[in-house]
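So you know, we letter chains A, B, ... as the sequences are listed, proteins then strands, and number each from 1.
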Protein chains: 2
Amino acid sequence: MTKEGTYMTEDNRLPALEELSEKTTKERIIEAATDIFAQRGFDAVSMSEISEAVGIKKPSLYYHFASKDKILENILEYPIERMKQVGSQEVGTEELISSMSLEEFMAMGADLIVNWTEEPRMEKTLRIIFVEMYHNDKIKEFYSAFIDLTYSSWEMIFTLMMKHELIKPFDPRMLAKEYISFYGNAYLDYFLLRYRPNTSSFRKEYGDLIDRHTAFTVSIIKK
Amino acid sequence: MTKEGTYMTEDNRLPALEELSEKTTKERIIEAATDIFAQRGFDAVSMSEISEAVGIKKPSLYYHFASKDKILENILEYPIERMKQVGSQEVGTEELISSMSLEEFMAMGADLIVNWTEEPRMEKTLRIIFVEMYHNDKIKEFYSAFIDLTYSSWEMIFTLMMKHELIKPFDPRMLAKEYISFYGNAYLDYFLLRYRPNTSSFRKEYGDLIDRHTAFTVSIIKK
DNA sequence: CCTACCGATCGGTAGG
DNA sequence: CCTACCGATCGGTAGG
């Protein structure tokens, strides 16, 4: 968090161009820890193990992070930042809805939800979130906010669809919950029951099922 | 697993009636461990802590269970036995469907699913299952079987409902997945995100939402 | 069911 | 970023 890299640049020269694209030790720690935590969970992983993966000795980790908990905190900043990015680009939903067919919009929506898991770092972080949720208050807060935002977005979308008479009348909040539950359940299945890092992806395993969920939803709500 | 209670009955007399209703130490260990594992997870709980809750010393636990893992294994036998019980009493689904209204049957189905969580021991065991699923193969096996059985049961139910022309035509497997996802998601929310032992219950927190889910489902499928 | 004990490992610190 | 080290705690055993 502070004075990153001061140890390695104490000669005070400007870094060469090549070095700018190299990962800092701090970044390498985060990447290694994300990887190993995603595989075996936070508690089961020791600081020695992380340092070995990075290629340094255990006490050197404490130069970059004050504690094991701080490493986890840093890892969790990533999805929070990514959620803010997605949130800020949310513009013109109504124009989008009236500019395409119901089928097209729903397919686009499904794609957005699936894309969330496509980036490898995000996928590993989501795994950590699901595994550690039961006893980590920061993760609970993040996941709650993530779910609430998703419900509210789709409540708004379905409300607009009704306004434009694209779909039959429903309680939009309830419809959002029904629609999104399918994804929550798929996440539970993927991240807790069947997680095998680097051998598969959410899209590959659930893509077809999600297409069918989209078709099912359209068939039910379409006016 | 073997020779239970031999230490305490080495005088070879028949146990008094009163003793028959008393819990054996082995049972008390299971109950205490279930309680504490449900609260804080398997790895975070020490054998000392369990023994303290029971009122014995740590090494005495090893008279009843060969290892900490064996305690968990014993705890997991409970839901497996309960599932077998429920499975074996599954008779006359078709008569049931044709003997009541769609609304009545769906309300009864929702009740069965919610009842699964009402028994305190089952609730705690379900919490342990959700918390430890990510790294415990036996739990994965159990949960997979539980989910598959649920999907298959509802696939059969919806197939029979179509045969009796109570509901519109659907792919019954897909309809089962859509219907059950709502519960899977509610479990995820309850057991991982909002679990507060002894202060609430699944029925209390999700009863209303599930009634609305049942009504939503009926409104969509009813012929 | 207990006392006494063990090796292993953990997160973290001191001091350079 | 390293060597050397620490106190605490863990699951489990020996022997009664």
Side-chain angles (χ1 to χ4, degrees), chain A residues 1-13 15 19 22-33 36-37 39-75 128 132 135-136, chain B residues 1-13 15 19 22-33 36-37 39-75 128 132 135-136:
Chain A
M1 300 228 141
T2 57
K3 298 173 293 177
E4 176 189 335
T6 49
Y7 190 93
M8 300 203 66
T9 58
E10 57 190 349
D11 58 357
N12 248 342
R13 64 176 169 77
E19 287 174 289
E22 275 173 12
K23 289 162 185 167
T24 66
T25 303
K26 194 169 180 177
E27 283 166 346
R28 283 163 56 220
I29 294 169
I30 290 300
E31 282 176 20
I36 313 177
F37 288 159
Q39 286 181 52
R40 310 215 325 279
F42 180 78
D43 290 330
V45 174
S46 71
M47 290 296 266
S48 297
E49 204 173 340
I50 297 168
S51 70
E52 251 176 66
V54 176
I56 59 178
K57 298 293 178 186
K58 183 180 70 164
S60 305
L61 292 176
Y62 291 89
Y63 172 76
H64 299 281
F65 296 96
S67 67
K68 192 184 173 190
D69 282 310
K70 290 289 180 192
I71 297 180
L72 182 57
E73 281 178 32
N74 191 300
I75 288 173
I128 296 171
E132 303 298 333
H135 66 169
N136 184 306
Chain B
M1 301 228 144
T2 57
K3 299 173 296 178
E4 176 188 335
T6 50
Y7 190 91
M8 300 201 67
T9 58
E10 57 192 348
D11 58 356
N12 247 344
R13 63 177 169 76
E19 287 175 288
E22 276 173 10
K23 291 164 185 167
T24 65
T25 303
K26 194 169 180 177
E27 284 167 344
R28 283 164 56 220
I29 293 170
I30 290 300
E31 282 177 21
I36 314 178
F37 289 160
Q39 286 180 51
R40 310 217 323 281
F42 180 77
D43 290 330
V45 175
S46 70
M47 291 295 266
S48 298
E49 204 173 340
I50 297 168
S51 70
E52 252 177 64
V54 176
I56 60 178
K57 298 293 178 186
K58 182 180 71 164
S60 304
L61 292 177
Y62 291 88
Y63 173 76
H64 300 281
F65 296 94
S67 67
K68 194 184 172 190
D69 283 310
K70 291 287 181 194
I71 297 180
L72 181 57
E73 280 179 32
N74 191 299
I75 289 173
I128 296 171
E132 303 297 333
H135 66 170
N136 185 304

Kindly give the heavy-atom pair with the smallest separation between [X] and [Y], and that separation in Å.
{"X": "B:K58", "Y": "B:S51", "result": "N-OG, 3.3 Å"}
{"X": "B:V54", "Y": "B:T25", "result": "CG1-CG2, 4.4 Å"}
{"X": "A:F65", "Y": "A:K26", "result": "CZ-CG, 3.6 Å"}

Throw together a table of side-chain donor-acceptor distances under 3.5 angstrom for residues 43-50 of chain A, partners on residues two or more places apart or in other chains.
residue : atom : partner : partner atom : Å
A:S46   : OG   : A:E49   : N            : 3.2
A:E49   : OE1  : A:R40   : NH2          : 3.3
A:E49   : OE2  : A:R40   : NH1          : 2.5
A:E49   : OE2  : A:R40   : NH2          : 3.4

Distance in angstrom units between [X] [atom1] and [N] [atom2], rounded:
{"X": "B:Y62", "N": "D:dG11", "atom1": "OH", "atom2": "P", "result": "6 Å"}
{"X": "A:K70", "N": "C:dG12", "atom1": "NZ", "atom2": "P", "result": "11 Å"}
{"X": "B:I29", "N": "C:dC1", "atom1": "CD1", "atom2": "C1'", "result": "11 Å"}
{"X": "B:K68", "N": "D:dG11", "atom1": "NZ", "atom2": "P", "result": "4 Å"}
{"X": "B:R28", "N": "C:dC1", "atom1": "CZ", "atom2": "C1'", "result": "12 Å"}
{"X": "B:H64", "N": "C:dC1", "atom1": "NE2", "atom2": "C1'", "result": "7 Å"}
{"X": "B:M47", "N": "C:dC1", "atom1": "CE", "atom2": "C1'", "result": "14 Å"}
{"X": "B:D43", "N": "C:dC10", "atom1": "CG", "atom2": "P", "result": "13 Å"}

If the condition is side chain to side chain contact (heavy atoms under 4.5 Å, CB included), which residues does B:Q39 pass it with, not counting sequence neighbours?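 For B:Q39 the side chain to side chain contact (heavy atoms under 4.5 Å, CB included) partners, ignoring immediate neighbours, are B:D35, B:P197.
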With A:A66, which residues qualify under side chain to side chain contact (heavy atoms under 4.5 Å, CB included), at least two apart? A:K70
Is any side-chain nitrogen or oxygen of A:S67 closer than 4.0 Å to OP1 or OP2 of C:dG11? no
Just N and O in the side chain of A:Y63: are any of them under 4.0 Å from OP1 or OP2 of D:dC1? no
With heavy-atom distances below 4.5 Å as the criterion, would you say the side chains of B:F42 and B:N136 are in contact?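 No, side chains not in contact.
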What residues form a salt bridge (Lys or Arg N to Asp or Glu O under 4.0 Å) with B:E31, not counting sequence neighbours? B:K23
Can you give the dot-bracket line for DNA chain C, where a pair is Watson-Crick or G-U wobble with both atom distances under 3.5 Å, crossing pairs use [ ], and | marks a partner on another strand? ||||||||||||||||
Heavy atoms from C-beta onward define the side chain here; which of D:dC1, C:dC1, D:dG11 lies closest to that of A:T25? D:dC1
To the closest 0.5 Å, what do you measure between CD1 (B:I30) and CD1 (B:I75)? 5.0 Å
When you measure from every atom of DNA chain C, which of residues 48-60 of chain B have a heavy atom less than 4.0 Å away? B:I56, B:K57, B:P59, B:S60
